[in-house]
Amino acid sequence: MTDVRGRSQGPPSPAGEDGGACTRKLIDTLESDRHLDRDQWIAFFQGRTPEALEYLSGRAREVSRRQFGRDIYTRGLIEFTNYCRNDCYYCGIRCSNAKADRYRLTDEQIMDCCRQGYQLGFRTFVLQGGEDPQLTEDRIAGLVTAIKDEYHDCAVTLSIGEWERSSYERFFRAGADRYLLRHETADPDHYRRLHPKELSPEHRKQCLRDLTEIGYQAGTGFMVGSPGQGSEQLAEDMLFIEQLAPQMIGIGPFVPHHDTPFANERAGTVEETLYCIGALRLMLPQALIPATTALGTIAEDGRERGILAGANVVMPNLSPLGVREKYELYDNKICTGDEAAECRDCLELRMESIGYRLVVSRGDHPQAGKEERNV
C-alpha cells in the first residue's frame, strides 16, 4: 500500500469494496467518538479515495453547519514584516534567501490597514510576520494596545512565531485574543527534515501549550503534502492536535518556493488537504478552520471546496498593495494585486455561490470566554 505521497509504508490497507467500507467505518467512528488511535489514523489516510473524500466531506459539512450554520468568519490579514531569523527549508522568506525583497510596515501603516478593514466589516485583525530580529516585545504590546483601544469590538490575532512564555503573557495582557503558531509536523524526525537544527520541535510544542494555558484562543496546524510526509506523519499530527485541543487549526497544501531547497518538490494536492480538513472538523466540531490562501493558490475553487469540506473561516489580505508580492512564503500566491475591498467582495461572491455568507463578527470560538488578563 502506498501512502499519500505515493511511497510504500505501513501494513496494507483493505482493497476494493471492503477497503471502502473499512474507511467509511473509520469516518463514522471519528464522527461519533471524535477520536481514532494511531493505527486507525494510518488506515484512515491510507484509505483515501475519491469516494471516501466525498463521504467525509459530506459528514464534515453537516457537522460544520450544525455548529455555525452557513456563516463564514473573516479575518483581516496584515503581513507586516517579511524579515525572519529562521531558515526553514520550505519558506520563501527564510533568512538565507538573499533574493527576497524585504520590508517592514510602520505602526502608522498597520493602523491604516485596520481602519480600512474596519470600514469593510472586518472584526478580527491578524498581525502576521516572520520572526523579525528587530521585532521587540514592547512594539508588539504597543501595537496590540493601540488596536484594541481604537477598535473595542475587534479581536487581535498574533502570528509571529516562537517567543518565551513571559512575552506571550505580556501580549495577552495588552489585549491579544488569539495566537496562531503552526506546529508544521508533530513527528520529530520529519520536523528536522523541514527545519534547520537550531529549531526545536519540542520548544514549538511547548510554546503552543503555553499559549493554551495563558488563555489565548490558540491555533496550530501543518502543511499537507510536505516533503517526507506520509500516513504515519499525518497520524502523529492528528494525535497531537487532539491532545492540544486548539481553538483554531490552520492547514493548507505545501506549495514549493523557487528559492528554497524544496523548489523541485511535489506540491500537496487539493484532495489531500480537503481530506485533512474533513477529519479535523469531525474530531473538533467547534474549531475555527480556515480555507487558506494556499488552497486557493493550487486550485481556483480551492477555498470554496475547503468550505464544503468543513472549513468556516477565510482570511482576505489587508496589507498594502506595495508589499503583498514581497510576503512570498510560496510561489504563485493569489490576490497580491487586489485592493482589500476587491478581496473581500470577491470572497463574498464566492461564498454566496456555494450557499454561504460572510458575516460581520469577531468569529470567536464557541467556547471562548472572558479571560482574565492579569497573568
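All residue numbers refer to positions in the sequence shown, counting from 1.
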If every non-hydrogen atom of [X] is compared with every non-hydrogen atom of [Y], which pair is closest and at what distance?
X: Ile251; Y: Thr273; answer: CD1-O, 4.0 Å
X: Ala174; Y: Ala141; answer: CB-O, 3.7 Å
X: Thr297; Y: Asn332; answer: CG2-O, 3.1 Å
X: Glu300; Y: Arg350; answer: O-NH1, 3.0 Å
X: Gly130; Y: Ile93; answer: CA-CD1, 4.2 Å
X: Pro253; Y: Thr292; answer: CD-OG1, 4.3 Å

With sequence neighbours left out, write down each residue that passes side-chain hydrogen bond (donor to acceptor under 3.5 Å, both in side chains) with [X], or none if nothing qualifies.
X: Asp187; result: none
X: Arg61; result: none
X: Arg344; result: Glu348

Any luck finding a side-chain donor-acceptor pair between Gln116 and Asp112 under 3.5 Å?
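The criterion, which ignores hydrogens and geometry beyond distance, is not satisfied for Asp112 and Gln116.
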Side-chain donor-acceptor contact under 3.5 Å, Thr185 with Arg193
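No donor-acceptor contact under 3.5 Å links the two side chains.
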Any ion pair linking [Y] and [X] (charged N to carboxylate O, less than 4.0 Å)?
X: Arg38; Y: Glu242; result: no
X: Glu184; Y: Arg204; result: no
X: Glu342; Y: Arg324; result: no
X: Asp132; Y: Arg85; result: no
X: Lys25; Y: Asp28; result: no
X: Arg362; Y: Asp153; result: no

Test side chain to side chain contact (heavy atoms under 4.5 Å, CB included) applied to Cys114 - qualifying residues, sequence neighbours left out
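Result, side chain to side chain contact (heavy atoms under 4.5 Å, CB included) vs Cys114: Ile78, Phe125, Ile147, Tyr151.
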For Lys99, enumerate each residue passing the side chain to side chain contact (heavy atoms under 4.5 Å, CB included) test, keeping only those at least two apart in sequence or located in another chain.
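Side chain to side chain contact (heavy atoms under 4.5 Å, CB included) check on Lys99 returns Asn97, Asp259.
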Any side-chain heavy atom of [X] sitting closer than 4.5 Å to one from [Y]?
X: Leu282; Y: Arg34; answer: no
X: Ile307; Y: Ile354; answer: yes
X: Val255; Y: Lys333; answer: no
X: Asp138; Y: Arg170; answer: yes

Could you walk me through whether His183 and Asp237 pass side-chain contact (heavy atoms from CB on, under 4.5 Å), step by step?
CA-CA 9 Å; His183 68 278; Asp237 287 323; 2.9 Å; yes
Among the clusters formed by ILVMFWY side chains lying less than 4.5 Å apart, do [X] and [Y] turn up in the same one?
X: Ile110; Y: Leu120; answer: yes
X: Tyr216; Y: Leu208; answer: yes
X: Leu143; Y: Leu180; answer: no
X: Met111; Y: Leu77; answer: no
X: Leu274; Y: Phe68; answer: no

Could you check whether any side-chain N or O of [X] sits under 3.5 Å from a backbone N or O of [Y], counting only pairs where one atom can act as donor and the other as acceptor?
X: Arg123; Y: Tyr118; value: yes
X: Gln46; Y: Ser231; value: no
X: Asn82; Y: Lys326; value: yes
X: Thr269; Y: Glu272; value: yes
X: Gln40; Y: Asp37; value: yes
X: Trp163; Y: Tyr168; value: no
X: Asp87; Y: Ser96; value: yes
X: Gln217; Y: His365; value: yes

Please enumerate all residues that pass salt bridge (charged side-chain N to carboxylate O under 4.0 Å, His left out) together with Glu325, with sequence neighbours excluded.
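Glu325 satisfies salt bridge (charged side-chain N to carboxylate O under 4.0 Å, His left out) with no residue once adjacent residues are dropped.
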For Asp39, give me all partners under salt bridge (charged side-chain N to carboxylate O under 4.0 Å, His left out), at least two apart in sequence or on another chain.
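In terms of salt bridge (charged side-chain N to carboxylate O under 4.0 Å, His left out), with neighbours along the sequence ignored, Asp39 is linked to no residue.
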Rounded to the nearest 0.5 Å, how far apart are CD of Gln286 and CZ of Arg66?
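Rounded to the nearest 0.5 Å, the CD-CZ separation comes to 11.5 Å.
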For [range], which residue pairs pass the ring pair (Phe, Tyr, Trp, His ring centres under 6.0 Å) check, not counting sequence neighbours?
range: residues 256-308; answer: Phe44-Tyr275
range: residues 301-357; answer: none
range: residues 291-322; answer: none

Side-chain hydrophobic cluster, 4.5 Å single linkage: members besides Val360
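So far as hydrophobic clustering goes, Val360 is joined with none.
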Please test Leu194 against Met223 for side-chain contact (heavy atoms from CB on, under 4.5 Å), starting from the C-alpha separation and ending with a verdict.
CA-CA 11 Å; Leu194 302 179; Met223 296 177 294; 4.1 Å; yes
Using the ring of each side chain (for Trp, its six-membered ring), is His195 parallel, tilted or perpendicular to Tyr191, with breaks at 30° and 60°?
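It falls in the parallel class, under 30°.
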Distance-only donor-acceptor pairs under 3.5 Å for side chains of residues 311-322, two or more places apart:
from	atom 1	to	atom 2	distance (Å)
Asn312	OD1	Arg281	NH2	3.1
Asn312	OD1	Ile289	N	2.9
Asn317	OD1	Ser319	N	2.8
Asn317	OD1	Ser319	OG	2.8
Asn317	ND2	Glu79	OE1	3.2
Ser319	OG	Glu79	N	2.8

Please assess Glu202 against Ser200 for the test side-chain hydrogen bond (donor to acceptor under 3.5 Å, both in side chains), listing each intermediate value before the final yes or no.
CA-CA 5 Å; Glu202 293 79 15; Ser200 160; 3.1 Å; yes
For side-chain contact (heavy atoms from CB on, under 4.5 Å), just list the numbers for Cys154 and Phe122, CA-CA rounded to whole Å, side-chain angles, deciding distance to a tenth of an Å, and then say yes or no.
CA-CA 8 Å; Cys154 292; Phe122 293 98; over 6 Å; no
Would Phe222 and Phe240 count as a side-chain contact (heavy atoms from CB on, under 4.5 Å) if you check the C-alpha gap in whole Å, the side-chain angles of each, and the deciding distance to 0.1 Å?
CA-CA 11 Å; Phe222 56 90; Phe240 172 71; over 6 Å; no
The test is ring pair (Phe, Tyr, Trp, His ring centres under 6.0 Å); show your working for Tyr90 and Phe254 and say whether it passes.
CA-CA 8 Å; Tyr90 49 83; Phe254 163 72; 7.4 Å; no
